[in-house]
Number of protein chains: 2
Amino acid sequence: MSVLVVGSIALDHIKTPLEEHQNLLGGSASYASVAASFYSPVKLVGIVGEDFPNEHIELFKRRNVDIAGLQVVPGKTFRWSGEYMWDLNIRETRSVALNVFEHFNPTLPETYKDTPVVLLANIAPDLQHHVLDQVRLPRFVVADTMDLWIDTARVRLLELLARVHMLILNDGEARQLTGETSLIKAARRLRDMGPEYLAIKKGEHGCLLFGDNGQFFSCPAFPLEDIHDPTGAGDTFAGGLAGYLARYSTKVEFGALRRAVVHGSILASYNVEAFSLERLQTVTRDEISERFDTFRRLSEFDAE
Amino acid sequence: MSVLVVGSIALDHIKTPLEEHQNLLGGSASYASVAASFYSPVKLVGIVGEDFPNEHIELFKRRNVDIAGLQVVPGKTFRWSGEYMWDLNIRETRSVALNVFEHFNPTLPETYKDTPVVLLANIAPDLQHHVLDQVRLPRFVVADTMDLWIDTARVRLLELLARVHMLILNDGEARQLTGETSLIKAARRLRDMGPEYLAIKKGEHGCLLFGDNGQFFSCPAFPLEDIHDPTGAGDTFAGGLAGYLARYSTKVEFGALRRAVVHGSILASYNVEAFSLERLQTVTRDEISERFDTFRRLSEFDAE
(Lines give C-alpha, C1' and ligand atoms only; values in the text may rest on other atoms or scores of the structure.)
Protein backbone atom coordinates (compact mmCIF):
# COMPACT_ATOMS: atom_id res chain seq x y z
CA MET A 1 0.00 0.00 0.00
CA SER A 2 1.14 3.56 -0.50
CA VAL A 3 0.99 6.68 1.63
CA LEU A 4 -0.03 10.16 0.57
CA VAL A 5 1.97 12.93 2.23
CA VAL A 6 0.93 16.57 2.18
CA GLY A 7 2.86 19.32 3.94
CA SER A 8 5.32 22.12 3.41
CA ILE A 9 8.40 22.06 1.20
CA ALA A 10 10.89 24.72 2.17
CA LEU A 11 14.34 26.11 1.73
CA ASP A 12 15.74 26.49 5.23
CA HIS A 13 18.39 28.70 6.76
CA ILE A 14 19.49 27.09 10.01
CA LYS A 15 21.91 28.29 12.63
CA THR A 16 23.11 26.24 15.58
CA PRO A 17 25.78 27.29 18.08
CA LEU A 18 28.32 25.40 15.96
CA GLU A 19 27.19 25.64 12.35
CA GLU A 20 25.13 27.73 9.95
CA HIS A 21 23.75 26.59 6.60
CA GLN A 22 21.53 28.16 3.95
CA ASN A 23 19.26 26.92 1.17
CA LEU A 24 18.78 23.55 2.84
CA LEU A 25 15.95 21.29 1.78
CA GLY A 26 13.34 21.48 4.54
CA GLY A 27 9.62 21.50 5.24
CA SER A 28 7.37 18.91 6.84
CA ALA A 29 6.51 17.10 3.59
CA SER A 30 10.16 16.81 2.55
CA TYR A 31 11.20 15.10 5.76
CA ALA A 32 8.02 13.03 6.03
CA SER A 33 7.95 11.75 2.47
CA VAL A 34 11.61 10.71 2.43
CA ALA A 35 11.19 9.01 5.83
CA ALA A 36 8.05 7.18 4.68
CA SER A 37 9.82 6.04 1.52
CA PHE A 38 11.91 3.57 3.52
CA TYR A 39 8.78 1.50 4.08
CA SER A 40 6.20 2.17 1.35
CA PRO A 41 5.61 3.96 -1.93
CA VAL A 42 4.95 7.66 -1.30
CA LYS A 43 2.79 10.17 -3.17
CA LEU A 44 3.88 13.71 -2.40
CA VAL A 45 1.58 16.76 -2.44
CA GLY A 46 3.26 20.14 -2.19
CA ILE A 47 4.29 23.34 -3.89
CA VAL A 48 7.62 24.94 -4.75
CA GLY A 49 8.77 27.94 -6.78
CA GLU A 50 10.94 28.09 -9.87
CA ASP A 51 14.00 28.63 -7.65
CA PHE A 52 13.66 25.14 -6.19
CA PRO A 53 16.95 23.34 -6.89
CA ASN A 54 16.68 20.38 -9.20
CA GLU A 55 18.90 18.32 -6.89
CA HIS A 56 16.05 18.21 -4.36
CA ILE A 57 13.61 16.97 -7.02
CA GLU A 58 16.22 14.34 -7.87
CA LEU A 59 16.37 13.30 -4.22
CA PHE A 60 12.61 12.66 -4.17
CA LYS A 61 12.93 10.66 -7.39
CA ARG A 62 15.82 8.63 -6.04
CA ARG A 63 13.66 7.71 -3.04
CA ASN A 64 10.86 6.66 -5.43
CA VAL A 65 8.62 9.43 -4.15
CA ASP A 66 5.83 10.10 -6.66
CA ILE A 67 5.93 13.83 -7.48
CA ALA A 68 2.87 13.98 -9.72
CA GLY A 69 1.29 16.07 -6.95
CA LEU A 70 4.21 18.46 -6.60
CA GLN A 71 3.35 21.83 -8.12
CA VAL A 72 6.22 23.91 -9.50
CA VAL A 73 4.90 27.44 -10.01
CA PRO A 74 6.25 30.90 -10.82
CA GLY A 75 7.62 32.63 -7.75
CA LYS A 76 9.85 31.69 -4.86
CA THR A 77 9.81 28.59 -2.66
CA PHE A 78 8.64 28.88 0.94
CA ARG A 79 11.58 29.93 3.11
CA TRP A 80 12.15 29.46 6.82
CA SER A 81 15.02 30.61 8.97
CA GLY A 82 15.63 29.45 12.55
CA GLU A 83 18.26 29.49 15.21
CA TYR A 84 18.89 26.96 17.99
CA MET A 85 20.15 27.98 21.40
CA TRP A 86 23.18 26.30 22.98
CA ASP A 87 21.46 23.13 24.20
CA LEU A 88 19.46 22.70 20.95
CA ASN A 89 16.24 22.37 22.94
CA ILE A 90 15.11 25.93 22.30
CA ARG A 91 14.50 27.18 18.80
CA GLU A 92 13.68 30.68 17.62
CA THR A 93 12.20 31.41 14.23
CA ARG A 94 14.20 34.22 12.61
CA SER A 95 12.08 34.71 9.51
CA VAL A 96 9.34 33.11 7.45
CA ALA A 97 8.53 33.90 3.81
CA LEU A 98 5.46 31.99 2.61
CA ASN A 99 6.06 32.94 -1.04
CA VAL A 100 4.32 30.42 -3.35
CA PHE A 101 2.85 28.71 -0.30
CA GLU A 102 0.54 31.66 0.29
CA HIS A 103 -1.77 30.70 -2.57
CA PHE A 104 -1.30 26.94 -2.38
CA ASN A 105 -4.47 25.14 -3.37
CA PRO A 106 -3.57 21.46 -3.52
CA THR A 107 -5.47 19.54 -6.17
CA LEU A 108 -4.81 15.81 -6.09
CA PRO A 109 -3.92 13.97 -9.28
CA GLU A 110 -6.49 11.27 -10.03
CA THR A 111 -3.86 8.62 -9.26
CA TYR A 112 -3.60 9.93 -5.68
CA LYS A 113 -7.27 9.83 -4.73
CA ASP A 114 -7.45 6.22 -3.57
CA THR A 115 -4.29 6.23 -1.46
CA PRO A 116 -5.14 4.11 1.61
CA VAL A 117 -2.89 5.84 4.16
CA VAL A 118 -2.80 9.64 4.39
CA LEU A 119 -0.30 11.69 6.35
CA LEU A 120 -1.44 15.27 6.84
CA ALA A 121 2.00 16.55 7.82
CA ASN A 122 2.35 19.88 9.56
CA ILE A 123 0.67 22.64 7.54
CA ALA A 124 -2.38 24.87 8.04
CA PRO A 125 -5.48 22.86 9.05
CA ASP A 126 -7.40 24.38 6.11
CA LEU A 127 -4.99 22.75 3.68
CA GLN A 128 -5.13 19.46 5.59
CA HIS A 129 -8.94 19.52 5.29
CA HIS A 130 -8.76 20.40 1.64
CA VAL A 131 -6.53 17.44 0.82
CA LEU A 132 -8.55 15.06 2.94
CA ASP A 133 -11.73 16.17 1.12
CA GLN A 134 -10.28 14.80 -2.11
CA VAL A 135 -9.24 11.34 -0.85
CA ARG A 136 -11.83 8.59 -1.30
CA LEU A 137 -12.36 6.37 1.75
CA PRO A 138 -8.83 6.42 3.21
CA ARG A 139 -8.18 3.51 5.58
CA PHE A 140 -5.95 5.40 7.99
CA VAL A 141 -5.42 9.15 8.31
CA VAL A 142 -2.64 10.60 10.48
CA ALA A 143 -2.43 14.31 11.26
CA ASP A 144 0.52 16.23 12.64
CA THR A 145 0.23 19.81 13.85
CA MET A 146 2.08 22.54 15.76
CA ASP A 147 1.58 25.29 18.33
CA LEU A 148 1.08 27.92 15.60
CA TRP A 149 -2.15 26.28 14.40
CA ILE A 150 -3.41 25.72 17.95
CA ASP A 151 -3.06 29.48 18.41
CA THR A 152 -4.28 30.74 15.06
CA ALA A 153 -6.57 28.04 13.61
CA ARG A 154 -7.97 26.28 16.64
CA VAL A 155 -11.52 25.77 15.33
CA ARG A 156 -10.38 24.29 12.03
CA LEU A 157 -7.87 22.10 13.85
CA LEU A 158 -10.58 20.77 16.19
CA GLU A 159 -12.77 20.03 13.15
CA LEU A 160 -9.86 18.12 11.65
CA LEU A 161 -9.40 15.98 14.78
CA ALA A 162 -12.91 14.58 14.27
CA ARG A 163 -11.85 13.37 10.81
CA VAL A 164 -8.55 11.59 11.53
CA HIS A 165 -7.61 8.20 12.98
CA MET A 166 -4.45 9.42 14.66
CA LEU A 167 -3.04 12.69 15.93
CA ILE A 168 0.64 13.42 16.51
CA LEU A 169 1.79 16.38 18.58
CA ASN A 170 4.38 17.18 21.22
CA ASP A 171 3.86 17.36 24.98
CA GLY A 172 3.73 21.15 25.14
CA GLU A 173 1.13 21.24 22.36
CA ALA A 174 -0.97 18.54 24.07
CA ARG A 175 -1.05 20.69 27.20
CA GLN A 176 -1.73 23.85 25.17
CA LEU A 177 -4.65 22.29 23.29
CA THR A 178 -6.33 20.76 26.37
CA GLY A 179 -5.33 22.96 29.30
CA GLU A 180 -4.34 19.81 31.22
CA THR A 181 -0.87 19.51 32.78
CA SER A 182 -1.08 15.73 33.18
CA LEU A 183 -0.27 14.14 29.83
CA ILE A 184 -2.46 11.17 30.76
CA LYS A 185 -5.45 13.48 31.24
CA ALA A 186 -4.53 15.50 28.15
CA ALA A 187 -4.42 12.28 26.14
CA ARG A 188 -7.92 11.30 27.21
CA ARG A 189 -9.24 14.75 26.30
CA LEU A 190 -7.54 14.66 22.89
CA ARG A 191 -8.86 11.18 22.07
CA ASP A 192 -12.34 12.39 23.08
CA MET A 193 -11.98 15.02 20.35
CA GLY A 194 -11.86 12.36 17.65
CA PRO A 195 -8.64 10.48 16.96
CA GLU A 196 -8.68 6.84 18.06
CA TYR A 197 -4.90 6.91 18.44
CA LEU A 198 -2.63 9.60 19.79
CA ALA A 199 1.16 9.98 19.83
CA ILE A 200 2.64 12.55 22.21
CA LYS A 201 6.27 13.30 21.37
CA LYS A 202 8.51 14.23 24.29
CA GLY A 203 11.81 14.97 22.49
CA GLU A 204 14.72 13.54 24.44
CA HIS A 205 12.24 11.64 26.66
CA GLY A 206 10.74 9.53 23.87
CA CYS A 207 7.11 9.22 22.90
CA LEU A 208 3.80 8.07 24.40
CA LEU A 209 1.21 6.21 22.32
CA PHE A 210 -2.41 5.96 23.43
CA GLY A 211 -5.24 3.80 22.06
CA ASP A 212 -8.63 2.39 22.99
CA ASN A 213 -9.35 0.59 26.26
CA GLY A 214 -6.34 2.04 28.03
CA GLN A 215 -3.88 0.69 25.46
CA PHE A 216 -0.61 2.48 26.11
CA PHE A 217 2.97 2.32 24.87
CA SER A 218 5.95 4.26 26.16
CA CYS A 219 8.65 4.42 23.49
CA PRO A 220 12.09 5.27 24.83
CA ALA A 221 14.30 7.84 23.14
CA PHE A 222 17.45 6.67 21.43
CA PRO A 223 20.41 7.79 23.58
CA LEU A 224 22.10 10.27 21.26
CA GLU A 225 25.21 12.07 22.41
CA ASP A 226 25.59 14.53 19.60
CA ILE A 227 22.68 16.19 17.91
CA HIS A 228 23.66 18.39 14.99
CA ASP A 229 20.29 19.73 13.82
CA PRO A 230 16.92 18.88 15.44
CA THR A 231 15.02 20.38 12.47
CA GLY A 232 12.52 17.97 10.97
CA ALA A 233 12.73 15.36 13.75
CA GLY A 234 8.97 15.48 14.30
CA ASP A 235 8.20 15.41 10.57
CA THR A 236 10.57 12.48 10.08
CA PHE A 237 8.91 10.66 12.99
CA ALA A 238 5.47 11.15 11.43
CA GLY A 239 6.72 10.05 8.01
CA GLY A 240 8.43 6.91 9.29
CA LEU A 241 5.34 6.03 11.31
CA ALA A 242 2.89 6.51 8.44
CA GLY A 243 5.16 4.77 5.94
CA TYR A 244 5.48 1.77 8.23
CA LEU A 245 1.70 1.58 8.71
CA ALA A 246 1.14 1.67 4.95
CA ARG A 247 2.93 -1.68 4.74
CA TYR A 248 -0.14 -3.27 6.26
CA SER A 249 -3.15 -3.99 4.11
CA THR A 250 -5.20 -5.07 7.13
CA LYS A 251 -6.78 -2.91 9.80
CA VAL A 252 -4.23 -1.06 11.90
CA GLU A 253 -3.79 -2.80 15.27
CA PHE A 254 -2.11 -1.41 18.37
CA GLY A 255 0.83 -3.83 18.01
CA ALA A 256 1.63 -2.47 14.55
CA LEU A 257 1.32 1.07 15.90
CA ARG A 258 3.87 0.29 18.64
CA ARG A 259 6.36 -0.79 15.98
CA ALA A 260 5.43 2.19 13.79
CA VAL A 261 6.27 4.55 16.66
CA VAL A 262 9.61 2.80 17.10
CA HIS A 263 10.39 3.12 13.38
CA GLY A 264 9.42 6.80 13.44
CA SER A 265 11.74 7.28 16.41
CA ILE A 266 14.59 5.45 14.67
CA LEU A 267 14.41 7.61 11.56
CA ALA A 268 14.10 10.77 13.66
CA SER A 269 17.18 9.72 15.66
CA TYR A 270 19.18 9.34 12.45
CA ASN A 271 17.81 12.57 11.01
CA VAL A 272 19.13 14.78 13.83
CA GLU A 273 22.66 13.45 13.31
CA ALA A 274 23.15 15.87 10.41
CA PHE A 275 21.66 18.99 8.84
CA SER A 276 18.63 18.93 6.57
CA LEU A 277 17.93 15.50 5.02
CA GLU A 278 21.63 14.60 4.72
CA ARG A 279 21.46 11.60 7.02
CA LEU A 280 18.15 10.37 5.61
CA GLN A 281 19.90 10.17 2.25
CA THR A 282 22.63 7.87 3.52
CA VAL A 283 20.93 5.73 6.15
CA THR A 284 20.51 2.10 5.08
CA ARG A 285 17.95 -0.60 5.83
CA ASP A 286 20.64 -2.44 7.77
CA GLU A 287 21.25 0.59 9.95
CA ILE A 288 17.51 0.88 10.59
CA SER A 289 17.37 -2.79 11.60
CA GLU A 290 20.39 -2.37 13.82
CA ARG A 291 18.82 0.56 15.67
CA PHE A 292 15.54 -1.35 15.91
CA ASP A 293 17.42 -4.04 17.84
CA THR A 294 18.98 -1.38 20.05
CA PHE A 295 15.52 0.03 20.81
CA ARG A 296 14.41 -3.43 21.86
CA ARG A 297 17.36 -3.79 24.22
CA LEU A 298 16.83 -0.28 25.64
CA SER A 299 13.61 -1.10 27.36
CA GLU A 300 13.59 -4.85 27.91
CA PHE A 301 13.72 -6.52 31.29
CA ASP A 302 13.01 -10.05 32.48
CA ALA A 303 10.13 -11.25 34.60
CA GLU A 304 10.66 -10.97 38.35
CA MET B 1 20.66 -10.76 52.31
CA SER B 2 19.77 -7.59 54.14
CA VAL B 3 20.18 -3.92 53.32
CA LEU B 4 21.43 -1.16 55.58
CA VAL B 5 19.64 2.17 55.10
CA VAL B 6 20.92 5.45 56.49
CA GLY B 7 19.19 8.77 55.90
CA SER B 8 16.94 11.34 57.44
CA ILE B 9 13.85 10.68 59.51
CA ALA B 10 11.56 13.67 59.65
CA LEU B 11 8.21 15.04 60.62
CA ASP B 12 6.88 16.78 57.53
CA HIS B 13 4.41 19.58 56.97
CA ILE B 14 3.22 19.36 53.38
CA LYS B 15 0.92 21.62 51.43
CA THR B 16 -0.38 20.89 47.95
CA PRO B 17 -2.93 22.97 46.02
CA LEU B 18 -5.63 20.63 47.34
CA GLU B 19 -4.52 19.44 50.77
CA GLU B 20 -2.34 20.32 53.75
CA HIS B 21 -1.09 17.94 56.42
CA GLN B 22 1.20 18.26 59.44
CA ASN B 23 3.33 15.91 61.52
CA LEU B 24 3.61 13.38 58.73
CA LEU B 25 6.26 10.69 58.82
CA GLY B 26 8.90 11.71 56.30
CA GLY B 27 12.63 11.73 55.59
CA SER B 28 14.72 9.78 53.10
CA ALA B 29 15.41 6.84 55.44
CA SER B 30 11.73 6.43 56.36
CA TYR B 31 10.62 6.11 52.75
CA ALA B 32 13.65 4.08 51.68
CA SER B 33 13.57 1.56 54.52
CA VAL B 34 9.86 0.83 54.23
CA ALA B 35 10.19 0.50 50.44
CA ALA B 36 13.19 -1.84 50.77
CA SER B 37 11.30 -3.96 53.32
CA PHE B 38 9.07 -5.35 50.57
CA TYR B 39 12.06 -7.26 49.25
CA SER B 40 14.65 -7.83 51.97
CA PRO B 41 15.32 -7.44 55.70
CA VAL B 42 16.25 -3.82 56.47
CA LYS B 43 18.56 -2.34 59.10
CA LEU B 44 17.73 1.30 59.71
CA VAL B 45 20.22 3.95 60.85
CA GLY B 46 18.79 7.29 61.90
CA ILE B 47 17.97 9.69 64.67
CA VAL B 48 14.74 11.10 66.12
CA GLY B 49 13.79 13.22 69.13
CA GLU B 50 11.61 12.37 72.08
CA ASP B 51 8.62 13.90 70.27
CA PHE B 52 8.73 11.18 67.61
CA PRO B 53 5.31 9.47 67.65
CA ASN B 54 5.34 5.86 68.71
CA GLU B 55 3.02 4.94 65.84
CA HIS B 56 5.88 5.57 63.40
CA ILE B 57 8.19 3.28 65.37
CA GLU B 58 5.41 0.70 65.23
CA LEU B 59 5.22 1.11 61.46
CA PHE B 60 8.93 0.28 61.11
CA LYS B 61 8.44 -2.75 63.36
CA ARG B 62 5.43 -3.94 61.39
CA ARG B 63 7.54 -3.81 58.25
CA ASN B 64 10.24 -5.87 60.02
CA VAL B 65 12.68 -2.98 59.83
CA ASP B 66 15.47 -3.50 62.37
CA ILE B 67 15.63 -0.34 64.50
CA ALA B 68 18.67 -1.25 66.60
CA GLY B 69 20.43 1.61 64.78
CA LEU B 70 17.68 4.17 65.39
CA GLN B 71 18.76 6.66 68.03
CA VAL B 72 16.04 8.30 70.14
CA VAL B 73 17.61 11.29 71.89
CA PRO B 74 16.49 14.28 73.95
CA GLY B 75 15.25 17.10 71.75
CA LYS B 76 13.01 17.45 68.76
CA THR B 77 12.85 15.40 65.56
CA PHE B 78 14.09 16.92 62.30
CA ARG B 79 11.25 18.89 60.70
CA TRP B 80 10.70 19.88 57.09
CA SER B 81 7.92 21.93 55.57
CA GLY B 82 7.28 22.23 51.85
CA GLU B 83 4.68 23.43 49.41
CA TYR B 84 3.91 22.17 45.92
CA MET B 85 2.76 24.44 43.13
CA TRP B 86 -0.34 23.69 41.07
CA ASP B 87 1.16 21.07 38.75
CA LEU B 88 3.09 19.35 41.60
CA ASN B 89 6.30 19.54 39.59
CA ILE B 90 7.66 22.53 41.47
CA ARG B 91 8.32 22.36 45.19
CA GLU B 92 9.37 25.11 47.56
CA THR B 93 10.86 24.43 50.95
CA ARG B 94 9.05 26.56 53.52
CA SER B 95 11.16 25.72 56.55
CA VAL B 96 13.77 23.29 57.83
CA ALA B 97 14.58 22.63 61.49
CA LEU B 98 17.49 20.19 61.83
CA ASN B 99 16.91 19.77 65.59
CA VAL B 100 18.46 16.45 66.79
CA PHE B 101 19.84 15.90 63.30
CA GLU B 102 22.35 18.70 63.83
CA HIS B 103 24.54 16.58 66.08
CA PHE B 104 23.82 13.22 64.51
CA ASN B 105 26.85 10.96 64.70
CA PRO B 106 25.70 7.57 63.50
CA THR B 107 27.39 4.65 65.22
CA LEU B 108 26.48 1.29 63.76
CA PRO B 109 25.43 -1.54 66.07
CA GLU B 110 27.79 -4.48 65.73
CA THR B 111 25.00 -6.48 64.07
CA TYR B 112 24.87 -3.94 61.23
CA LYS B 113 28.54 -3.92 60.25
CA ASP B 114 28.48 -6.87 57.85
CA THR B 115 25.36 -5.86 55.94
CA PRO B 116 26.09 -6.76 52.30
CA VAL B 117 24.01 -4.03 50.61
CA VAL B 118 24.18 -0.43 51.79
CA LEU B 119 21.86 2.39 50.77
CA LEU B 120 23.23 5.80 51.62
CA ALA B 121 19.92 7.59 51.24
CA ASN B 122 19.82 11.34 50.85
CA ILE B 123 21.66 13.04 53.73
CA ALA B 124 24.87 15.07 54.05
CA PRO B 125 27.83 13.36 52.32
CA ASP B 126 29.81 13.57 55.58
CA LEU B 127 27.27 11.31 57.26
CA GLN B 128 27.21 8.97 54.27
CA HIS B 129 31.01 8.64 54.51
CA HIS B 130 30.84 8.12 58.25
CA VAL B 131 28.39 5.24 57.94
CA LEU B 132 30.28 3.67 55.05
CA ASP B 133 33.50 3.81 57.12
CA GLN B 134 31.92 1.44 59.62
CA VAL B 135 30.66 -1.22 57.20
CA ARG B 136 33.03 -4.12 56.55
CA LEU B 137 33.45 -5.07 52.88
CA PRO B 138 29.96 -4.26 51.60
CA ARG B 139 29.13 -6.03 48.35
CA PHE B 140 27.08 -3.24 46.83
CA VAL B 141 26.81 0.40 47.93
CA VAL B 142 24.17 2.73 46.50
CA ALA B 143 24.23 6.48 47.15
CA ASP B 144 21.43 8.97 46.63
CA THR B 145 21.99 12.72 46.82
CA MET B 146 20.35 16.08 46.08
CA ASP B 147 21.06 19.55 44.70
CA LEU B 148 21.71 20.94 48.19
CA TRP B 149 24.80 18.74 48.64
CA ILE B 150 26.05 19.46 45.12
CA ASP B 151 25.97 23.14 46.09
CA THR B 152 27.25 22.97 49.65
CA ALA B 153 29.33 19.78 49.97
CA ARG B 154 30.64 19.17 46.49
CA VAL B 155 34.11 17.97 47.46
CA ARG B 156 32.84 15.45 50.01
CA LEU B 157 30.21 14.28 47.52
CA LEU B 158 32.86 13.72 44.83
CA GLU B 159 34.94 11.76 47.35
CA LEU B 160 31.89 9.64 48.07
CA LEU B 161 31.34 8.85 44.39
CA ALA B 162 34.72 7.12 44.29
CA ARG B 163 33.54 4.78 47.07
CA VAL B 164 30.13 3.62 45.79
CA HIS B 165 28.99 1.10 43.20
CA MET B 166 25.93 3.06 42.15
CA LEU B 167 24.76 6.66 42.20
CA ILE B 168 21.16 7.80 41.98
CA LEU B 169 20.25 11.39 41.18
CA ASN B 170 17.75 13.30 39.05
CA ASP B 171 18.31 14.82 35.62
CA GLY B 172 18.71 18.37 36.88
CA GLU B 173 21.26 17.24 39.45
CA ALA B 174 23.19 15.23 36.84
CA ARG B 175 23.47 18.38 34.72
CA GLN B 176 24.34 20.50 37.76
CA LEU B 177 27.12 18.16 38.88
CA THR B 178 28.72 17.76 35.44
CA GLY B 179 27.91 20.96 33.55
CA GLU B 180 26.74 18.82 30.62
CA THR B 181 23.27 19.36 29.11
CA SER B 182 23.23 15.99 27.33
CA LEU B 183 22.27 13.33 29.86
CA ILE B 184 24.27 10.79 27.87
CA LYS B 185 27.41 12.89 28.24
CA ALA B 186 26.59 13.70 31.86
CA ALA B 187 26.23 9.96 32.54
CA ARG B 188 29.66 9.21 31.14
CA ARG B 189 31.20 11.98 33.24
CA LEU B 190 29.47 10.75 36.38
CA ARG B 191 30.54 7.14 35.85
CA ASP B 192 34.11 8.38 35.31
CA MET B 193 33.90 9.84 38.83
CA GLY B 194 33.57 6.38 40.35
CA PRO B 195 30.22 4.60 40.34
CA GLU B 196 30.01 1.63 37.97
CA TYR B 197 26.26 2.11 37.71
CA LEU B 198 24.19 5.26 37.48
CA ALA B 199 20.45 5.89 37.63
CA ILE B 200 19.18 9.25 36.40
CA LYS B 201 15.60 9.88 37.52
CA LYS B 202 13.45 11.98 35.18
CA GLY B 203 10.20 12.23 37.17
CA GLU B 204 7.21 11.82 34.89
CA HIS B 205 9.57 10.72 32.09
CA GLY B 206 10.90 7.61 33.86
CA CYS B 207 14.48 6.72 34.60
CA LEU B 208 17.73 5.99 32.73
CA LEU B 209 20.15 3.32 33.93
CA PHE B 210 23.77 3.24 32.76
CA GLY B 211 26.42 0.55 33.20
CA ASP B 212 29.72 -0.66 31.75
CA ASN B 213 30.33 -1.17 28.03
CA GLY B 214 27.46 1.04 26.98
CA GLN B 215 24.88 -0.98 28.89
CA PHE B 216 21.75 1.13 29.00
CA PHE B 217 18.15 0.77 30.16
CA SER B 218 15.34 3.26 29.72
CA CYS B 219 12.62 2.59 32.30
CA PRO B 220 9.25 4.12 31.42
CA ALA B 221 7.21 6.03 33.97
CA PHE B 222 3.96 4.52 35.17
CA PRO B 223 1.12 6.56 33.62
CA LEU B 224 -0.43 8.13 36.73
CA GLU B 225 -3.38 10.43 36.38
CA ASP B 226 -3.62 11.69 39.90
CA ILE B 227 -0.62 12.40 42.05
CA HIS B 228 -1.48 13.42 45.59
CA ASP B 229 1.95 13.99 47.10
CA PRO B 230 5.27 13.58 45.27
CA THR B 231 7.24 13.74 48.54
CA GLY B 232 9.55 10.78 48.99
CA ALA B 233 9.19 9.41 45.46
CA GLY B 234 12.96 9.47 44.93
CA ASP B 235 13.68 7.96 48.35
CA THR B 236 11.10 5.23 47.76
CA PHE B 237 12.66 4.51 44.36
CA ALA B 238 16.11 4.16 45.94
CA GLY B 239 14.75 1.95 48.73
CA GLY B 240 12.85 -0.37 46.41
CA LEU B 241 15.88 -0.64 44.16
CA ALA B 242 18.34 -1.43 46.97
CA GLY B 243 15.92 -3.81 48.68
CA TYR B 244 15.41 -5.72 45.44
CA LEU B 245 19.18 -5.99 44.87
CA ALA B 246 19.70 -7.32 48.38
CA ARG B 247 17.68 -10.37 47.37
CA TYR B 248 20.65 -11.50 45.32
CA SER B 249 23.58 -13.18 47.00
CA THR B 250 25.59 -13.20 43.77
CA LYS B 251 27.33 -10.32 42.06
CA VAL B 252 24.93 -7.66 40.83
CA GLU B 253 24.42 -7.99 37.05
CA PHE B 254 22.88 -5.44 34.72
CA GLY B 255 19.78 -7.62 34.20
CA ALA B 256 19.04 -7.58 37.95
CA LEU B 257 19.60 -3.82 37.99
CA ARG B 258 17.04 -3.35 35.21
CA ARG B 259 14.45 -5.17 37.32
CA ALA B 260 15.56 -3.28 40.43
CA VAL B 261 14.92 0.03 38.65
CA VAL B 262 11.47 -1.20 37.65
CA HIS B 263 10.67 -2.23 41.23
CA GLY B 264 11.89 1.13 42.54
CA SER B 265 9.65 2.84 39.98
CA ILE B 266 6.66 0.70 40.95
CA LEU B 267 6.95 1.53 44.64
CA ALA B 268 7.49 5.22 43.85
CA SER B 269 4.38 5.20 41.66
CA TYR B 270 2.31 3.80 44.53
CA ASN B 271 3.90 6.16 47.04
CA VAL B 272 2.76 9.34 45.27
CA GLU B 273 -0.85 8.17 45.30
CA ALA B 274 -1.21 9.36 48.92
CA PHE B 275 0.49 11.57 51.50
CA SER B 276 3.48 10.46 53.54
CA LEU B 277 3.91 6.68 53.71
CA GLU B 278 0.17 5.97 53.70
CA ARG B 279 0.16 4.05 50.44
CA LEU B 280 3.36 2.15 51.25
CA GLN B 281 1.55 0.83 54.33
CA THR B 282 -1.32 -0.65 52.35
CA VAL B 283 0.26 -1.76 49.08
CA THR B 284 0.41 -5.55 48.72
CA ARG B 285 2.78 -7.94 47.00
CA ASP B 286 -0.01 -8.74 44.55
CA GLU B 287 -0.39 -5.09 43.65
CA ILE B 288 3.36 -4.84 43.11
CA SER B 289 3.27 -7.89 40.81
CA GLU B 290 0.30 -6.45 38.95
CA ARG B 291 2.09 -3.18 38.28
CA PHE B 292 5.24 -5.08 37.30
CA ASP B 293 3.20 -6.73 34.55
CA THR B 294 1.86 -3.35 33.50
CA PHE B 295 5.41 -2.00 33.26
CA ARG B 296 6.29 -4.90 30.99
CA ARG B 297 3.35 -4.17 28.71
CA LEU B 298 4.15 -0.43 28.67
CA SER B 299 7.34 -0.79 26.73
CA GLU B 300 7.10 -4.04 24.83
CA PHE B 301 6.91 -4.33 21.07
CA ASP B 302 7.39 -7.19 18.66
CA ALA B 303 10.21 -7.73 16.21
CA GLU B 304 9.75 -6.06 12.84
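Residue numbers start from 1 in every chain, and the chains themselves are labelled A, B, ... in the order their sequence lines are given, proteins ahead of strands.
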Participant: Among A:S182, A:P223, A:P220, A:A256, who wins on heavy-atom pairs under 4.5 Å with chain B?
Facilitator: A:P223

Participant: Measuring heavy-atom distances to chain B, does A:E180 have an atom under 4.5 Å in its side chain, in its backbone, in both, or in neither?
Facilitator: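 No part of it gets close to chain B.
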
Participant: Most heavy-atom pairs under 4.5 angstrom with chain A, which of B:L183, B:L209, B:T181?
Facilitator: B:T181

Participant: Using the ring centroid of each side chain, check whether B:F301 and A:F292 are separated by less than 6.0 Å.
Facilitator: yes

Participant: Indicate whether any N or O donor in one side chain lies under 3.5 Å from an N or O acceptor in the other, for A:Y39 and A:R247.
Facilitator: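 Note: A:Y39 and A:R247 side chains miss the donor-acceptor criterion.
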
Participant: Are there residues of residues 273-280 of chain B whose heavy atoms fall under 4.5 Å of chain A's heavy atoms? If so, which?
Facilitator: none

Participant: Considering non-hydrogen atoms only, spot the tightest contact between B:V272 and B:P230 and give its length.
Facilitator: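 Taking every non-hydrogen atom into account, CG1-CA, 3.8 Å.
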
Participant: Looking at A:D226 and B:K185, does any basic side-chain N land under 4.0 Å from a carboxylate oxygen?
Facilitator: yes

Participant: So, are A:R258 and B:D302 salt-bridged, with charged N and O less than 4.0 Å apart?
Facilitator: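 The answer is no: the pair does not qualify as a salt bridge.
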
Participant: Under a 4.0 Å N-O cut-off, is there an ion pair linking A:E83 with A:R94?
Facilitator: yes

Participant: Enter the distance from B:D171:CG to B:K202:NZ here, rounded to the nearest 0.5 Å.
Facilitator: 7.5 Å

Participant: Need one label for A:Q215: side chain, backbone, both or neither, based on atoms under 4.5 Å from any heavy atom in chain B.
Facilitator: neither

Participant: With a 4.5 angstrom heavy-atom cut-off, is it the side chain or the backbone of B:L88 that approaches chain A, or both, or neither?
Facilitator: neither

Participant: Is the ring pair B:H165/B:F140 parallel, tilted or perpendicular, if the boundaries are 30 and 60 degrees?
Facilitator: parallel

